[in-house]
Amino acid sequence: MRVLITGGCGFIGSNFIRMALSQRPSWDIVNLDALTYAGNPANLADVEAHPRYRFLHGDLRDASLVTRVIETHPPELVIHFAAESHVDRSIAGPLPFMQTNVMGTAHLLDALHRQRQGRLVHISTDEVYGPLALDAEAVTEEAPLKPSSPYAASKAAADLQVLAYARTYGLQAMILRGSNNYGPFQYPEKLIPLMTVKAMQGQELPLYGDGLQRRDWLHVDDFCRGILAATDHGRWGATYNLGGGNERSNLEIVTRILRTMNRSEESIRLVADRPGHDRRYAIDSTLAKKELGWTPQRNFEQGLEDTIRWYLDHKQWWKSAFTQEG
Ligand code: NAD
């Protein structure tokens with residue numbers, strides 16, 4: 001099967017491509033990636049010469065390039081990971097998020113629709129639902145979208161476009177909303193790699209506000225397994241929440257990182273909160289469990305320890321990621 005993956009050089013996309021090449025022997029994968037600061041070809045160095053893998057350097061913001069790619073590599077399945085993905089960056093400068101996450105997705109949808117090509121699995125996030133009260137039930141796929149950050153708003157806009165193309169034009173599409181992923185190859189700007197790298201360098205660990213914001217952590221291998229399960233068993237037209245069932249406060253995460261690394265908790269420094277910082281996300285994954293036969297496998301404490309170990313063992317990787325950004 002001809003599979004087009006967008007954003008495959010980033011954190012989740014690269015883990016997914018590695019898993020798909022080993023578990024889906026019939027897939028021929030084309031990876032279209034613009035190689036932004038977050039896209040690193042080194043993430044896929046071990047598979048770059050794989051006979052069923054091909055890399056295309058290209059930007060989804062370029063509508064004619066997207067059309068050309070769909071024409072020359074007509075996909076049977078598209079898995080759309082490419083996005084600007086960091087909330088802090090979206091607050092500092094929202095426009096690149098609108099250009100890639102909203103318009104980039106629009107270009108992809110338009111090219112697929114006009115050329116009547118491929119089914120689309122759109123990778124989205126729990127952040128589109130907005131904040132949840134501490135005592136509220138986890139949200140299902142039916143909950144309204146109330147995004148807080150420019151990042152979440154741009155992802156919600158992408159989701160709505162996908163639903164509109166499915167409804168209006170009959171595009172076969174599915175939306176997967178994952179909770180906070182962690183694991184190897186995550187750019188060291190996100191909480192777990194950032195704090196691990198800072199602790200390694202003996203720096204202070206800045207934590208927003210009171211550090212009690214809660215997130216639901218999902219190992220990237222479990223998310224990738226869920227995406228594969230969706231391509232096998234998912235209903236076209238459906239949206240699925242994929243959550244890890246591991247709600248933790250940011251303070252708990254950072255404390256655990258420091259303990260694992262035998263560092264003092266005194267290096268935690270509470271700093272001014274992020275504007276519009278959501279207190280809690282929690283999604284109900286019952287539908288995915290029922291229809292996809294998916295449940296997360298990784299134990300969180302062990303997964304976190306393995307992840308910390310990976311960053312300790314791959315200093316060169318994260319140092320070169322920073323250098324590449326300049
Ligand atoms: P990432 O920032 O690590 O990687 C994004 C990739 O997209 C990079 O390789 C980048 O070069 C590429 N890209 C960016 N703009 C592009 C453009 N205009 N054209 C082509 N390629 C472009 O992101 P990630 O953490 O791997 O997230 C992947 C997807 O999963 C995103 O859609 C994100 O919203 C979603 N998601 C992430 C998480 C998480 O915790 N990281 C959780 C749920 C959903």
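Just so it is clear, the model here is predicted, and its values are computed rather than measured. Numbers here are sequence positions counted from 1. Computation of the quantities below employed the complete heavy-atom set of this structure, encompassing side-chain atoms and omitting hydrogens, waters and symmetry-equivalent molecules. Counting starts at 1 for both ligands and their atoms, following the listed order.
Atom-to-atom distance recorded for I283:CD1 and E247:CD is 10.5 Å, nearest 0.5 angstrom.
For the pair R215 and Y182, the NZ or CZ position fails the cation-pi test of under 6.0 Å to the six-membered ring centre and within 45 degrees of the ring normal.
Here H80 has no heavy atoms under 4.0 Å from ligand 1, in either its backbone or its side chain. Contacts between T36 and ligand 1, counted as non-hydrogen atom pairs separated by less than 4.0 Å, involve both the backbone and the side chain.
Between F81 and ligand 1, an N or O atom pair is found at a separation short of 3.5 Å. Residue G8 has no N or O atom closer than 3.5 Å to an N or O atom of ligand 1. Distances between N or O atoms of T100 and those of ligand 1 include at least one value under 3.5 Å. Not one N or O of N40 is nearer than 3.5 Å to an N or O of ligand 1, by distance alone.
The closest heavy-atom contact to atom 33 (C) of ligand 1, among the options Y37, Y151, F11, W217, comes from Y151. The heavy atom nearest to atom 19 (N) of ligand 1, out of those in D62, L108, L60, is found in L60. Nearest-residue assignment for atom 44 (C) of ligand 1 (options G58, S85, S124; heavy-atom criterion): S124. Of the candidates L242, L35, I12, L218, it is I12 that places a heavy atom closest to atom 36 (N) of ligand 1. Of the candidates P96, S179, A83, it is A83 that places a heavy atom closest to atom 5 (C) of ligand 1.
Smallest separation of non-hydrogen atoms from F11 and N15: O-ND2, 2.9 Å. Heavy atoms only, all atoms of each residue included: M261 and T196 are closest at CE-O, 3.7 Å.
In Q297, the CD atom is crowded: over 12 heavy atoms of neighbouring residues, nucleotides or ligands sit closer than 6.0 Å.
Not a single heavy atom of T6 lies less than 4.0 angstrom from ligand 1. Contact analysis leaves Y187 out of contact with ligand 1, as no non-hydrogen atom separation drops below 4.0 angstrom.
A donor-acceptor pair shorter than 3.5 Å cannot be found between the side chains of S267 and K198.
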